[in-house]
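Just so it is clear: chains get the letters A, B, ... in the order the sequence lines come, proteins before strands, and each one is counted from 1.
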2 protein chains.
Amino acid sequence: MARHGDTRQKIVEAADTLFYEQGVGASSFADIAGAVGLSRGNFYHHFQSKDAILEAVIERRLTRTREMLAQWQRDGGTPRDRIVSFVQMLIANRAKIMAFGCPVGTLSTELAKLDHIAAPRAAEVFTLFLDWLEAQFQAAGFVPDRARALAHHAMMLAQGIATLAAAFKDETQLRQDVDDFTGWLDETLSSKG
Amino acid sequence: MARHGDTRQKIVEAADTLFYEQGVGASSFADIAGAVGLSRGNFYHHFQSKDAILEAVIERRLTRTREMLAQWQRDGGTPRDRIVSFVQMLIANRAKIMAFGCPVGTLSTELAKLDHIAAPRAAEVFTLFLDWLEAQFQAAGFVPDRARALAHHAMMLAQGIATLAAAFKDETQLRQDVDDFTGWLDETLSSKG
DNA sequence: ACAAAATTAGGACAATCATCCTAGATTCGT
DNA sequence: ACGAATCTAGGATGATTGTCCTAATTTTGT
């Protein structure tokens, strides 16, 4: 049993959750240690600094996002179905979205405010989604430029939905917004396909 | 000269800026004191706690938003012009938007994550914009329910634009997004007359 | 089974945090 | 002009922060 990697992974998982639910700035070493069940001083065997943990959390999110998108690709279905599964994340995770917002958008915004060195890396999670969405719209028959613009628009809508869901915590509205997104998607696709 | 109110207002202004640019959690008393040019210990004559400053900052934002919306109303023009001036805020404040995101959305999200007692109050700034936007769409001839939905959609778009602008800091894209917003607005309005 | 390496707990560290207190300075009502 | 109220600076407080060190324990390679 690889104890090292095991503990390290537990730390990253706990930090990931805390960074999402409280924000990076509000999550201390003591918080993470408490969540994992380790002593604070022991952390420096696994990570040299808090920024190193943040970096690992971002890498984890990048990897998991890539895996999720690859899985959606393997799941088959039409490009339309895949884009719907993208926006359906907001419904599946509605409790967390309404409590803490979108994990991608809120981390990106927090790091942008702090002018943190990892901010561009965190924004790459957005890029993964954008590239994937662009591929879906291209598969649906749109030329690259138009597919890129539609991917950006879809991402914008998702971020707007999540931000307002966190502000008002209105599940009915959230579901309506996702329905409207799907409506926009079908209109857009039918105009081309 | 009302010195008391004067210093108090200076504190609130400095705190407002810092809360926006760094986040509430990352802004300390020392930061605010430094920005105003006062000593830290002196603060408690004006505010009993950091939460009291936050409360005053939110009140200030509510008041200023109300004033701005009332001014736009007085400025005349069509409902379409007024809604355009709403989204044009993203262009006018583009440097700050790309650096720190939307002040309304980011404060709301940060307080939501902390489950802060002032979170609902901060969300009321959203409500001011939503009510005002709803009034514009009603003035443009939409029935109340439809006007409310369009106001919500406009707010969603603005939040999505600001979030992606902060993540990617792409001014060209930001301007394109605002143009697209205006295009959507004109399409929507022309469909109703 | 034993030496080397990895992992742990716990405490020390200086810095910073929000908060509070005291004592001097300034302003104001009269 | 004088007493009262207000405002100010600076330091003290205890808690918490990120970081680091040391000494013990556990695991691993052989």
Practice task
Would you please confirm or rule out a distance under 4.0 Å between OP1 or OP2 of D:dT17 and any side-chain N or O of A:Ser28?
Solution key: yes

Exercise for the section: Quick one: do B:Arg121 and B:Glu124 satisfy salt bridge (charged side-chain N to carboxylate O under 4.0 Å, His left out)? Show the steps, please. Expected result: CA-CA 5 Å; B:Arg121 191 81 176 133; B:Glu124 283 184 35; 2.6 Å; yes

Practice task
Would you jot down, in residue-number order, the residues of residues 109-119 of chain A having a non-hydrogen atom under 4.0 Å from DNA chain D?
Solution key: none

Completion exercise
Here the distance between atom P of D:dG18 and atom CG of A:Leu18, to the nearest Å, is 12 Å

Handout entry: Check: B:Tyr44 ring centroid to B:Phe29 ring centroid under 6.0 Å
Key = yes

Fill in the blank from the handout: Atom CZ of B:Phe29 and atom P of C:dT16 are separated, to the nearest Å, by 17 Å

Practice task
Write down the distance between CG (B:Asp6) and C1' (C:dT27), rounded to a whole number of angstrom.
Solution key: 14 Å

Exercise for the section: Using whole Å, report how far CZ of A:Arg8 lies from C1' of C:dA6. Expected result: 15 Å

Problem - Position toward the 5' end of DNA chain D (nearest nucleotide), A:Arg40 or B:Gly37 - result: B:Gly37

Problem - Carboxylate-amine/guanidinium contact A:Arg148 A:Asp131, below 4.0 Å - result: yes

Handout entry: Spacing of A:His45 atom NE2 relative to D:dA23 atom P, expressed in whole Å
Key = 14 Å

Handout entry: Polar side chain donor-acceptor pair, A:Glu13 to A:Gln9, under 3.5 angstrom
Key = yes

Problem - Cationic N near anionic O, under 4.0 Å, A:Glu171 to A:Arg94 - result: yes

Problem - Option from B:Asp186, B:Val178, B:Thr182 for which side-chain contact (heavy atoms from CB on, under 4.5 Å) with B:Val84 holds - result: B:Thr182

Exercise for the section: Would you kindly compare A:Gly41 and A:Ala26 by the position of their nearest DNA chain D nucleotide and give the one closer to the 5′ end? Expected result: A:Ala26

Practice task
State whether A:Ser27 places a side-chain N or O below 4.0 Å from either non-bridging phosphate oxygen (OP1 or OP2) of D:dT17.
Solution key: no

Practice task
For C:dC20, take OP1 and OP2 only and decide whether either is under 4.0 Å from a side-chain N or O of B:Tyr44.
Solution key: no

Practice task
Would you kindly give the NE2-to-C1' distance between B:His46 and D:dT8, to the nearest whole Å?
Solution key: 8 Å

Handout entry: Nearest-Å distance for atom pair CG/P, residues B:Leu38 and C:dA25
Key = 18 Å

Exercise for the section: Rounded off to whole Å, could you give me the CG-to-C1' distance for the B:Asn42 and D:dA9 pair? Expected result: 7 Å

Completion exercise
Smallest heavy-atom separation, A:Arg82 atom then A:Ser85 atom, equals O-OG, 2.6 Å

Handout entry: N/O (side chain, A:Ser39) to phosphate O (OP1/OP2, C:dG11) under 4.0 Å
Key = no

